[in-house]
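Just so you know, these numbers come straight off a predicted model, no measurement behind them.
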Amino acid sequence: AGILQVIASLYATYHYQGVIKPNRISLTPEVMKVLKQVGMAFSAQVIMYGSSMLDLVLVSFLPVGSLSWLYYAERLAYLPIGVFSVVLANIVLPKLSKAAAGGDKQDMIALFESATGITLTLAFPLMIGGCLCAYDIIYLLFGSEVFQISDVMASGQSLQILLIALPAMMLNRVWMTGPYAFSDTRYQIKVALLSCGGGIVVAVIGLPHLAHVAISLGGMVSACISCYLFYQYIHSHTGYRIGSNPLIHRSGIASLCMGCMLLPLVVFDIGYLSKSMTASWLCIKIAWGMGCYFLIMRLMGVRLSMVLP
């Protein structure tokens, strides 16, 4: 995948400005500024990876299988972040940087409103639907003679905790473009220190009582702290208010209604009789939930043009 990305980038660059040839490094003030910003961003990522390493150390004190439970849950919870939020952040950042350089706060507010509305319109139903179908998803993907029902339940608990924080985690990827647009990479380090510190404290305190769930709870707290700090930064620099977008309110209401409509299917579950039956029942739940969500959004007057302006 990495090689294909490099080839695609080289082709696009050749199409626009010809062949890039190696050149002698010139440490101009502009280059030094970029290197400084990259260094700050790299430091923030090192802090995040250090927190992940500490989580692995904590997991080593837990029963056998805990690492697998957490790994499967995290991979599923982070899937929409990598597929959607990262792509959206890459689209928003160039426009946001241009608006920040020109001092156009109204344009920045419009960008954040659009990106936040799109993100939460997807995150809310994923959070509620995912929490209600977490065990089915884990069993269908990973259940086996080795990964038994007890493992499915343990991993499902972690997945539910992480999915509760899914809106915050998805918003983090979008809102973190704010400090980058203002070239304020120092703030990234502040966010990383406070969020990772809070998550570690929660995980350590809860570890004796909640076992592997405490690690997931620490991740949820960390994501919420980051989300709050990024929102405060955006609000103070642009005046953006998240409550001003009616699309977010309607998406939240539609997601709650969807959850209520899904509850009967969850309460009267068929159990884990076979993979094929679980897959069929899960597809019914997903189709029913999506139908309810889109119908309610439609009844509240939400159109596709409101989500994708």
Is any side-chain heavy atom of L122 closer than 4.5 Å to a side-chain heavy atom of I118?
no

Could you give me the CA-CA distance, side-chain angles and deciding distance for Y293 and C257, then say whether side-chain contact (heavy atoms from CB on, under 4.5 Å) is met?
CA-CA 7 Å; Y293 177 75; C257 294; over 6 Å; no

Quick one: CG on L162 to CD on E74, what's the gap to the nearest 0.5 Å?
6.0 Å

Heavy-atom closest contact (L93 atom, T177 atom, distance):
CD1-O, 3.7 Å

About how many Å separate CG of L299 and CD1 of I296, when rounded to the nearest 0.5 Å?
7.5 Å

Going hydrophobic residue to hydrophobic residue with side-chain gaps under 4.5 angstrom, can you get from Y49 over to V46?
no

Between I128 and G259 the two heavy atoms that sit nearest each other are CG2-CA, 3.7 Å

Note, H212 side chain near V59 side chain (heavy atom, < 4.5 Å):
no

Is it true that Y180 and V191 fall in one hydrophobic cluster, defined by side-chain heavy atoms closer than 4.5 Å?
yes

Do we see a donor-acceptor contact under 3.5 Å between the side chains of S155 and Y71?
no

Does the side chain of L62 come within less than 4.5 Å of W69's, by heavy atoms?
no

Considering only heavy atoms from C-beta outward, does the side chain of S68 approach that of D151 to under 4.5 Å?
no

Please check if the side chain of K275 supplies one atom and the backbone of G143 the other of a donor-acceptor pair under 3.5 Å.
yes

Under the 4.5 Å side-chain heavy-atom rule for ILVMFWY, direct or indirect, which residues accompany L79?
V83

Are R241 and F112 side-chain neighbours, meaning at least one heavy-atom pair lies under 4.5 Å?
no

Heavy-atom closest pair, residues P179 and M176:
CD-O, 3.3 Å

I'd like to know whether Y135 forms a side-chain contact (heavy atoms from CB on, under 4.5 Å) with Q160, so could you lay out the CA-CA distance, the side-chain angles of the two residues, the decisive distance to 0.1 Å, and finally the verdict.
CA-CA 9 Å; Y135 299 106; Q160 287 178 324; 3.2 Å; yes

Would you say I205 and L207 are hydrophobically clustered, going by side-chain heavy atoms of ILVMFWY under 4.5 Å?
no

If you compare all heavy atoms of A203 against all heavy atoms of L58, which two are closest, and at what distance to 0.1 Å?
CB-CD1, 4.2 Å

Is there a side-chain contact between M170 and F84, using heavy atoms and a 4.5 Å cut-off?
yes

For the CE atom on M48, are there more than 12 heavy atoms of other groups (residues, nucleotides or ligands in this structure) within a distance under 6.0 Å?
no

Apply side-chain contact (heavy atoms from CB on, under 4.5 Å) to the pair R75 and F142, showing each step before the final yes or no.
CA-CA 12 Å; R75 296 286 71 76; F142 308 114; 5.9 Å; no

Can you give me the closest heavy-atom contact between A168 and A223, atom names plus distance?
CB-O, 3.9 Å

Are more than 12 heavy atoms, taken from residues, nucleotides or ligands other than Q106, located less than 6.0 Å from that residue's CD atom?
no

Which heavy atom in A100 sits nearest to a heavy atom in A181, and how many Å separate them?
CB-O, 3.6 Å

Distance in Å, L229 CG paired with L194 CG, rounded so as to fall on 0.5 Å steps
5.5 Å

Should the ring pair Y72 and F147 be called parallel, tilted or perpendicular, given that the plane angle runs from 0 to 90° and is split at 30 and 60?
perpendicular

Any side-chain heavy-atom pair of F124 and M258 under 4.5 Å:
no

Near K285 NZ, under 6.0 Å, is it more than 12 heavy atoms from other residues, nucleotides or ligands?
yes

Would you mind reporting whether I189 and T185 have side-chain heavy atoms less than 4.5 Å apart?
no

Going hydrophobic residue to hydrophobic residue with side-chain gaps under 4.5 angstrom, can you get from F230 over to I225?
yes

Can you label the angle between the Y187 ring and the Y233 ring as parallel, tilted or perpendicular, going by 30° and 60°?
tilted

Say whether W288 and L256 are linked into one hydrophobic cluster, either directly or through other cluster members, by side-chain heavy-atom distances under 4.5 angstrom.
yes

Point-to-point distance, once rounded to the nearest 0.5 Å, from CG of L54 to CD1 of I200
4.5 Å

Linking directly or through intermediates, with side-chain heavy atoms under 4.5 Å: list the remaining ILVMFWY members grouped with I7, chain and number order.
I3

Would R298 pass as a cation-pi partner of F294, given that its NZ or CZ must be under 6.0 Å from the six-membered ring centre and within 45 degrees of the axis?
no

Report the distance from atom CG of L171 to atom OG of S226, rounding to the nearest 0.5 Å.
11.5 Å

Donor on one side chain, acceptor on other, W175 and T116, under 3.5 Å
yes

How long is the gap from OH on Y228 to CG on N172, to the nearest 0.5 Å?
14.0 Å

